[in-house]
Participant: 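Would you mind keeping the following structure in view while I ask a few things?
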Amino acid sequence: MGPKMEEVQGRKLKEEYQEMTGASMLIQALGREKVDVIFGYPGGANLSTYDEIYRTGIHHVLARHEQGAVHAAEGYARVSGKPGVCVVTSGPGATNVVTGIADAMIDSLPLIVITGQVATSAIGTDAFQEADVIGVTMPITKHNFQAREVEDLPRMIKEAFHIATTGRPGPVLIDLPKDVASTSGIFNYEQSIDLPGYQPTVIPNKLQIKKLADAVTEAKKPVVLTGAGILHAHGADELMEYITKQQIPVASTLLGLGAFPGNHELFLGMVGMHGTYTGNMALHEADLLISIGARFDDRVTGNLKYFAPNAKVAHIDIDPAEIGKNIETQIPVVGDAKEALRMLNEYDGTPGEFSAWKEQLNSWEEEYPLWYKEEGESLKPQRLMEMIYEETKGEAVVTTDVGQHQMWAAQYYKFDNPNCWVTSGGLGTMGFGFPAAIGAQFAAPDKQVVAVLGDAGFQMTAQEMSILQELNLPVKIILVNNASLGMVRQWQELFYDQRYSNSIFPIQPDFVKMADAYNIKGWKIEDPNEMQAALREALDYEGPVLMDCRVEKDENVYPMIAPGKGHHEMEGIKP
Amino acid sequence: MKRTIVATVNNTSGVMNRITGLFARRQFNIDSITVGMTENPSVSRMTFVVSVDNQRGLDQVIKQLNKQVDVLKVRDITDDATVERELALIKVVSAPQHRGEISALAEPFRASVVDVGRESITLQVTGDQQKVEALIDLLKPYGIKELARTGITAFKRGTTKSDFETPKYSIIH
Ligand SMILES: Cc1ncc(C[n+]2csc(CCOP(=O)(O)OP(=O)(O)O)c2C)c(N)n1
Ligand SMILES: [Mg+2]
């Protein structure tokens, strides 16, 4: 005779309702959520968690600064589509991740951030390394929790993953007091999620979809604006099907690059402050603007007074609060971008007739393409971006920091594939690009990861070269070295009468020597003629590399919409 | 325009902070907030009176509230049949010879005298905002020493359907 039924059930019950410490629950839960890497940094308040990490051998990457850890988690999330996990200690550890949390919030990246906290009995007493992390991060997280009772912890972790990854993704923080992490309780991870206040709408309303389809049939000058919402929804295939069917020209936001192939004949380029002339004019002249997973950020719209003055606006967004926030919308569609596109593709609307419109767009493209002058002795940063595209065949994962090099990368690297573009859009966080590349390499171990960085931004998180050295991670660092805070210098040139206040480096470190200190192979390239061959060599090199590329120092990013101007008022549209 | 918005929220620590923080950072103007427990102790009810410029501003307030995980339900009840009440305590300068006059003034408002001092008299009034304000205006000439108002709390009038069953706020009108 086999074991009695009650015995079997009893045993099962034991497995599911095991008693363990809070720290152990955390690691067990991360395992259940199939987390394959944690980026973090230990300290007094999370020692129990680190002890559990030690004992379980769960994959943990030690950053050299918490900011590096959180940006790495963001890069991982952007490329993998899975939540990035970041574990830090209380007080200074927690405040060091604030920038990354704000960055993830505004760019809708799913993160799970676990901060240590002082013991519950000490909360509110200004204890050693206490900071009100719940208060500080309330406005910059999608949601946050403080686990005051160990038995609440499994439910909180489960809810955190659910909230971070569904609807409009975002960062969720769990503040874990030291005593809760070391107290034992029952681990129950089988409870169902019960969040009556959180019910994102995924499936769009059919009537709204029909309205949108009808509007396309009536339109003469439609344009689709793609945002990162399509990438979060994994909707690139559905978008391609839709555009192939309907033949609508496509423009993209900075973060939407890659949702639609950059080399497609219907692609008009990026829009916004440093967007293409054709892309911006297309919005300005359009009679129907279909925004999919984009939120009409001010860097995209320019002066709202002049934005898309002739267009009926259709806005597909999973976050209802984005619809109508900045732009009045005639056809609101609340739901997941992929679902909306799938429904649009099912809908048998006759494709419109847009040949006159396309002719207009083509003639702009011919008349006002992106341009730079190939003159002088030094390397043109725009040319450098083209080379990176050529040498990687557009198949790399490209991360950038913030500034001129970021705009050049967005303009000249043609993003042909989804989830291969990692940049800080909404917050514009210098110091993001390098650690994000580390996270990206973990998400895509078989891909080439190229970090295109400014000489200034790199110095904000350069310490993470230790990770490359330690793990021989083959990230390729490409410093676009103009010996200045280039974007700041450009604005001072254009809007402050060339008073270059604190934007030109009087002295720089020897970046190759810096790389050498971390045992990373470094190149310094000054001669433009050597650039391409060196780049090839660097990309072929097996380990991590740093290329210090000395580019033209006075180069500006063009074309440009000056602050307060509209899309039709672009400057620098011709050489 | 002024709108009265009612929200039910999880009665957990920090919810008030989430809501007031949201109003502050989004530059929403609130005239008053009241909070209290509901028949379900794990749920609180908040009543806001907000000033908005237009429909879009109002939509934003409601949508941003709805985005909070701890906010269960949001309704703009301004145009519904509602019961709206505020309580005000008004301490008025009053020499003994004026007491009768002030009491007489208060009577049609069904305000009651809750405290009498040597040089002041304190009235308590409840009602909708207009009524409370009308009484305050009438008392101003005597000199108001202190004024404490609770802000509006409100309720839909009894109908067959409960608030909690109506569909979630949707932007599809
Ligand atoms: C943390 C942070 N501080 C300041 C800024 C403002 N800022 C934007 S671009 C820029 C210059 C960046 O210089 P560099 O990294 O060398 O890039 P470049 O513009 O030269 O390509 C600065 C200071 C910022 N975006 N982020
Ligand atoms: Mg620079």
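Protein chains get the first letters and strands the later ones, always in sequence-line order, with residue 1 at the start of each.
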Participant: Could A:R295 and A:D317 be called an ion pair, given the rule that one side-chain N must be under 4.0 Å from one carboxylate O?
Facilitator: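 Salt bridge absent between A:R295 and A:D317.
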
Participant: Is it true that the NZ or CZ of A:K158 lies under 6.0 Å from the centre of A:Y189's six-membered ring and within 45 degrees of the ring axis?
Facilitator: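 Geometry flag: set, cation within 6.0 Å and 45°.
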
Participant: Can you confirm whether the side chains of A:T301 and A:Y306 place a donor and an acceptor under 3.5 Å from each other?
Facilitator: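 There is no such pair (donor and acceptor under 3.5 Å, judged by atom type) between the side chains of A:T301 and A:Y306.
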
Participant: Centroid separation under 6.0 Å, is that true for the rings of B:F48 and B:F28?
Facilitator: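 No - the distance between ring centres of B:F28 and B:F48 does not fall below the 6.0 Å cut-off.
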
Participant: Considering only heavy atoms and a distance below 4.5 Å, find which of A:E328, A:Q146, A:R168 pairs most often with chain B.
Facilitator: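 Heavy-atom pairs under 4.5 Å are most numerous for A:E328.
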
Participant: Does any backbone or side-chain atom of B:V71 lie under 4.5 Å from a heavy atom of chain A? Answer side chain, backbone, both or neither.
Facilitator: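 Contact with chain A involves the backbone of B:V71 alone.
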
Participant: Could you check whether B:D76 and B:T78, counting side-chain N and O atoms only, form a donor-acceptor pair closer than 3.5 Å?
Facilitator: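 The criterion, which ignores hydrogens and geometry beyond distance, is satisfied for B:D76 and B:T78.
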
Participant: Answer with side chain, backbone, both or neither: which region of A:I163 has an atom nearer than 4.5 Å to a non-hydrogen atom of chain B?
Facilitator: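 For A:I163, side-chain heavy atoms alone lie under 4.5 Å from chain B.
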
Participant: Using non-hydrogen atoms and a 4.5 Å limit, figure out which bit of A:N144 sits close to chain B: side chain, backbone, both or neither.
Facilitator: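 Contact with chain B is through both the backbone and side chain of A:N144.
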
Participant: Counting only non-hydrogen atoms closer than 4.5 Å, does B:R56 touch chain A with its backbone (N, CA, C, O), its side chain (CB onward), both, or neither?
Facilitator: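 Contact with chain A involves the side chain of B:R56 alone.
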
